[in-house]
2 protein chains.
Amino acid sequence: MRFRHMDARPTNKELEILGVLWRRGPSSVREVHEDLATKQDTGYTTILKLMQIMAEKGLVSRDEENRAHIYTASVTEAEAQSGLMNDLVAKAFGGSAHRLALHALGSKQATQEELDEIRRLLDELGGEK
Amino acid sequence: MRFRHMDARPTNKELEILGVLWRRGPSSVREVHEDLATKQDTGYTTILKLMQIMAEKGLVSRDEENRAHIYTASVTEAEAQSGLMNDLVAKAFGGSAHRLALHALGSKQATQEELDEIRRLLDELGGEK
DNA sequence: AAGGAAATACGAAGAGATTCGTATTTTCCT
DNA sequence: AGGAAAATACGAATCTCTTCGTATTTCCTT
């Protein structure tokens, strides 16, 4: 079996676009553009071009049935997150994901829920207290 | 007071060079180049150029006293890690560092020590079980 | 003081990401 | 059918990062 997206490492703009697709589901360029327009001010053709490139790269797939092509993320959010995280871990944390976790926990304030969830995960991961 | 390095977001190559400086301490271009040469094969002048640019950016400072200038990292490893981590959190984890932590914990296998350390930190962070 | 080795300075090229203007195609409405 | 509106296709410019070749400077040795 071949894993096509183990190396999903979208760029910044690509990530923004994927974000819209993850949130809205399959969308046209116009929809993505309008969605992003509330926070950004990138030209329509810029988004179009990016999405075309993303299709070439396999980050999204597109349905050309209708005039307005519909794009669908072909990478899940979790996959993208893993890819980017592993990248960072390799480049800046000496390959230790847990060192990154430690850093992440140290920064900012946590929600009680989040802390609980982390504790739960920690318990699953083994090693008793 | 002005914080010059709150935005330390070194690029890949810069990170490699910083890695050498963090490990070896203040070094000349030659030393950095030779250190990296064991794993890479980047030309001497490439490293030189990069280090010059890093000096302009303020990522390193340099002592021009002697013929061979000596470069010193002006960003700590922890600062760089924070900067890069925050970047990733903002771009791919909806701003939640803890969501990133969760992901990081989930991937790969952990050392018992690491898990213990995380538990310890978690306890400090508050919220009882 | 002259030569040469070792260092820095500089400019420019190549690759990838982002941007957008313009041309072309498609569709629908009257 | 004719034309406007909406969409895609395409090419090119810009920016950043990385790369390196060549020119220049500095310093040591004889």
Side-chain angles (χ1 to χ4, degrees), chain A residues 7-21 26-37 39-72 75 80 83-84 87-88 90-92, chain B residues 7-21 26-37 39-72 75 80 83-84 87-88 90-92:
Chain A
D7 55 338
R9 243 139 256 180
T11 65
N12 289 4
K13 269 314 196 218
E14 287 174 344
L15 210 42
E16 285 176 20
I17 290 170
L18 284 174
V20 176
L21 295 179
S27 313
S28 66
V29 174
R30 177 138 310 278
E31 290 166 331
V32 170
H33 178 248
E34 273 169 8
D35 190 298
L36 289 175
K39 301 233 166 195
Q40 306 258 148
D41 71 318
T42 313
Y44 174 82
T45 58
T46 299
I47 302 298
L48 168 66
K49 180 68 155 184
L50 286 172
M51 292 176 76
Q52 286 171 339
I53 291 172
M54 289 168 77
E56 281 172 17
K57 290 185 183 175
L59 286 174
V60 299
S61 62
R62 75 173 174 183
D63 173 359
E64 310 186 351
E65 272 307 290
N66 302 297
R67 175 148 86 113
H69 301 170
I70 298 299
Y71 292 75
T72 305
V75 188
L84 293 168
D87 224 40
L88 180 60
K91 288 189 314 188
Chain B
D7 55 338
R9 243 138 255 181
T11 64
N12 289 4
K13 268 318 196 210
E14 288 173 344
L15 211 44
E16 285 177 20
I17 290 170
L18 284 173
V20 176
L21 295 180
S27 314
S28 67
V29 174
R30 170 121 275 123
E31 291 166 331
V32 171
H33 178 249
E34 274 169 8
D35 189 299
L36 289 175
K39 300 234 167 197
Q40 305 259 145
D41 70 316
T42 312
Y44 175 82
T45 60
T46 299
I47 301 298
L48 168 66
K49 180 68 156 184
L50 286 172
M51 292 176 76
Q52 287 171 338
I53 291 171
M54 290 167 78
E56 281 172 16
K57 290 185 183 174
L59 285 175
V60 298
S61 61
R62 74 171 173 184
D63 174 359
E64 310 187 352
E65 272 308 289
N66 302 296
R67 177 147 85 113
H69 301 171
I70 298 300
Y71 292 75
T72 306
V75 190
L84 292 167
D87 223 41
L88 179 61
K91 291 187 313 187

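Residue numbers start from 1 in every chain, and the chains themselves are labelled A, B, ... in the order their sequence lines are given, proteins ahead of strands. All values below come from the heavy atoms of this structure, side chains included, with hydrogens, waters and symmetry mates left out.
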Length of the CE-C1' vector between B/Met54 and C/dA9, whole Å: 18 Å
Residue-phosphate contact under 4.0 Å: A/Arg62 side-chain N/O, D/dA7 OP1/OP2: no
Greater than 12 external heavy atoms within 6.0 Å of A/Glu64's CD: yes
Between C/dC10 (P) and B/Leu48 (CG): distance, integer Å: 11 Å
Value rounded to 0.5 Å, distance of OH in A/Tyr44 from CD in A/Glu34: 9.5 Å
Interatomic distance, B/Glu64 CD vs D/dT25 P [rounded to whole Å]: 16 Å
Closest non-hydrogen atom pair, B/Leu50 against B/Ile17: CB-CD1, 3.7 Å
Spacing of B/Gln52 atom CD relative to D/dC17 atom P, expressed in whole Å: 16 Å
Presence of salt bridge, A/Glu16 and A/Lys39, under 4.0 angstrom: no
Gap between atoms CE and C1', on B/Met51 and D/dT18 respectively (whole Å): 15 Å
B/Arg30 side-chain N/O to C/dA6 phosphate OP1/OP2 under 4.0 Å: no
Whole-Å gap separating P (D/dC17) and CG (B/Leu18): 14 Å
Interatomic distance, B/Glu56 CD vs C/dA9 P [rounded to whole Å]: 10 Å
Atom-to-atom span, CD1 of A/Ile17 to C1' of C/dA17 - whole angstrom: 12 Å
Residue pair B/Arg9 / B/Leu84: nearest heavy atoms and the distance that separates them: CG-CD2, 4.1 Å
Contact state string [nucleotides 19-30 of chain C, B base, S sugar-phosphate only, - no protein heavy atom under 4.0 Å]: BBBB---BS---
Polar side-chain atom of A/His33 near backbone of A/Thr42 as donor-acceptor pair, under 3.5 Å: yes
